[in-house]
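Down below is the structure, laid out as structure tokens.
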Amino acid sequence: MNEIEIVGLQKTQVWQRSDLAQSQADWLAEEVPVALVYNGISHVVMMATPKDLEAFALGFSLSEGIIDAPNEIFGLDVVPNCNGIEVQIELSSRRFMALKEQRRALAGRTGCGVCGVEQLDQIGKPVTPLPFTQTFELANLDRALGQLKDFQPVGQRTGCTHAAAWIQPNGELTGGSEDVGRHVALDKLLGYRSQTHWNQGAVLVSSRASYEMVQKSAMCGVEILFAVSAATRLAVDVAERCNLTLVGFSKPGRATIYTHPQRLI
């Protein structure tokens, strides 16, 4: 793929430490405000890489419990404007009424998971405990790790994106997404997954595992989450409660299992 064809890249001039007299061209990842607008009402603004925004809107809607299934979205349009990008989402009447009841809890959120939440007890969402239908052979994890960069065309040129990918039980990555924000990358992947038949397998993310990464995965029925970096204490607590198998420090020949190891071989 030609660099000019990759959405989310912008060229700039930089100077290197070894030669401050001469600039050279380099690539930067784009980061723009993306507003998710449900039935004409702006719900949240996230900073994101301007690609795969339909998948982002769908995944966010599912992982935040705004919808239970993709067919509860009747229409979806990506509309650039002078200040950023709007994703205009048409919800079913039932779902929109439910959203209006809870939207104050997320007002002003910018991607950290808590910003704008008015009370601490509004942070977590009730998640139905997951079943135990999946298994994964850890010997196949190394194969998946070796393919992760294939889904980061912007990241390969800028070193500036996170990735989230779906691993089949044999270690093959069937799809993935990237973004400057780790939560957005995961939402994009969950959006794609909701429109495919990726049922068997696990999620792999290139970042640490925060409680929100665990919660988003569990809300979408993901039973196993591999993170390249560490997990937080709250992430482990949430994973334990919702029966999710959480694995951190996922690197070649290494893995730290925090919860429910019975799914792993």
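By convention here, the first residue in the shown sequence is residue 1.
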Heavy-atom closest contact ([X] atom, [Y] atom, distance):
X: Ala35; Y: Val45; result: CB-CG2, 4.0 Å
X: Leu186; Y: Met213; result: CD2-O, 3.6 Å
X: Ala48; Y: Val34; result: CB-CG2, 4.0 Å
X: Val154; Y: Gly8; result: CG1-O, 3.8 Å
X: Pro153; Y: Ile6; result: CB-CD1, 4.0 Å
X: Ala230; Y: Tyr258; result: CA-OH, 4.0 Å

Among all residues two or more places apart in sequence or in another chain, which pass the side chain to side chain contact (heavy atoms under 4.5 Å, CB included) test with Glu30?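 In terms of side chain to side chain contact (heavy atoms under 4.5 Å, CB included), with neighbours along the sequence ignored, Glu30 is linked to Gln10, Pro50.
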Got [X] and [Y] here, is their nearest side-chain heavy-atom distance under 4.5 Å?
X: Leu246; Y: Val238; answer: no
X: Gln16; Y: Gln22; answer: no
X: Met219; Y: Leu190; answer: no
X: Gln24; Y: Val14; answer: yes
X: His162; Y: His183; answer: no
X: Val205; Y: Arg182; answer: no
X: Ser61; Y: Glu72; answer: no
X: Thr245; Y: Leu225; answer: no

Inter-residue atom distance [X].[atom1] - [Y].[atom2], 0.5 Å rounding:
X: Asp187; Y: Cys220; atom1: CG; atom2: SG; value: 7.5 Å
X: Gln88; Y: Asn39; atom1: CD; atom2: CG; value: 11.0 Å
X: Leu58; Y: Leu53; atom1: CG; atom2: CG; value: 12.5 Å
X: Gln168; Y: Trp198; atom1: CD; atom2: CH2; value: 9.5 Å
X: Glu54; Y: Ile89; atom1: CD; atom2: CD1; value: 10.5 Å
X: Gln152; Y: Arg157; atom1: CD; atom2: CZ; value: 11.5 Å

Counting N and O atoms only, with roles assigned by atom type, does the side chain of [X] sit under 3.5 Å from a partner on the main chain of [Y], one being a donor and the other an acceptor?
X: Asp179; Y: Thr49; answer: yes
X: Lys188; Y: Lys51; answer: yes
X: Arg143; Y: Asn170; answer: yes
X: Ser63; Y: Lys216; answer: no
X: Gln134; Y: Gly201; answer: yes
X: Thr259; Y: Leu244; answer: yes
X: Glu86; Y: Ser42; answer: no
X: Ser250; Y: Ala227; answer: yes

Check the hydrophobic clustering (I, L, V, M, F, W, Y; side-chain heavy atoms under 4.5 Å; chains of links allowed) and say if [X] and [Y] are grouped together.
X: Leu189; Y: Leu130; value: yes
X: Val7; Y: Val79; value: no
X: Val87; Y: Phe96; value: yes
X: Val37; Y: Ile73; value: no
X: Leu62; Y: Leu76; value: yes

How is the hydrophobic cluster of Phe151 composed, in terms of its other members, when Ile, Leu, Val, Met, Phe, Trp and Tyr link through side-chain heavy atoms under 4.5 Å apart, directly or indirectly?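 Taking Ile, Leu, Val, Met, Phe, Trp and Tyr as members, Phe151 shares its hydrophobic cluster with Phe136, Leu138, Leu141, Leu145, Leu148, Ile167, Leu173, Leu204, Ile224, Phe226, Val228, Val247, Ile257, Leu264.
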Checking His260 against Asn243 for the side-chain contact (heavy atoms from CB on, under 4.5 Å) test, could you report, in this order, the C-alpha distance in whole Å, the side-chain angles of both residues, the deciding distance, and whether it holds? CA-CA 7 Å; His260 302 292; Asn243 291 349; 3.6 Å; yes
Partner set under side chain to side chain donor-acceptor pair (under 3.5 Å) for Asp150, not counting sequence neighbours: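 So Asp150 forms no side chain to side chain donor-acceptor pair (under 3.5 Å) with any residue.
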Counting neighbours of NZ on Lys251 that are heavy atoms of other residues, nucleotides or ligands and sit closer than 6.0 Å, is the number greater than 12?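 Enclosed.
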What do the steps show when you test Thr133 against Glu223 for side chain to side chain donor-acceptor pair (under 3.5 Å), and what is the final call? CA-CA 8 Å; Thr133 66; Glu223 295 185 31; 2.4 Å; yes
Relative to Trp166, does Arg193 satisfy both conditions: NZ or CZ under 6.0 angstrom from the six-membered ring centre, and within 45 degrees of the ring's axis?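 Geometry flag: set, cation within 6.0 Å and 45°.
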Do NZ/NE/NH1/NH2 and the carboxylate oxygens of Arg241 and Asp237 come within less than 4.0 Å?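 Looking at Arg241 and Asp237, the cut-off is not met.
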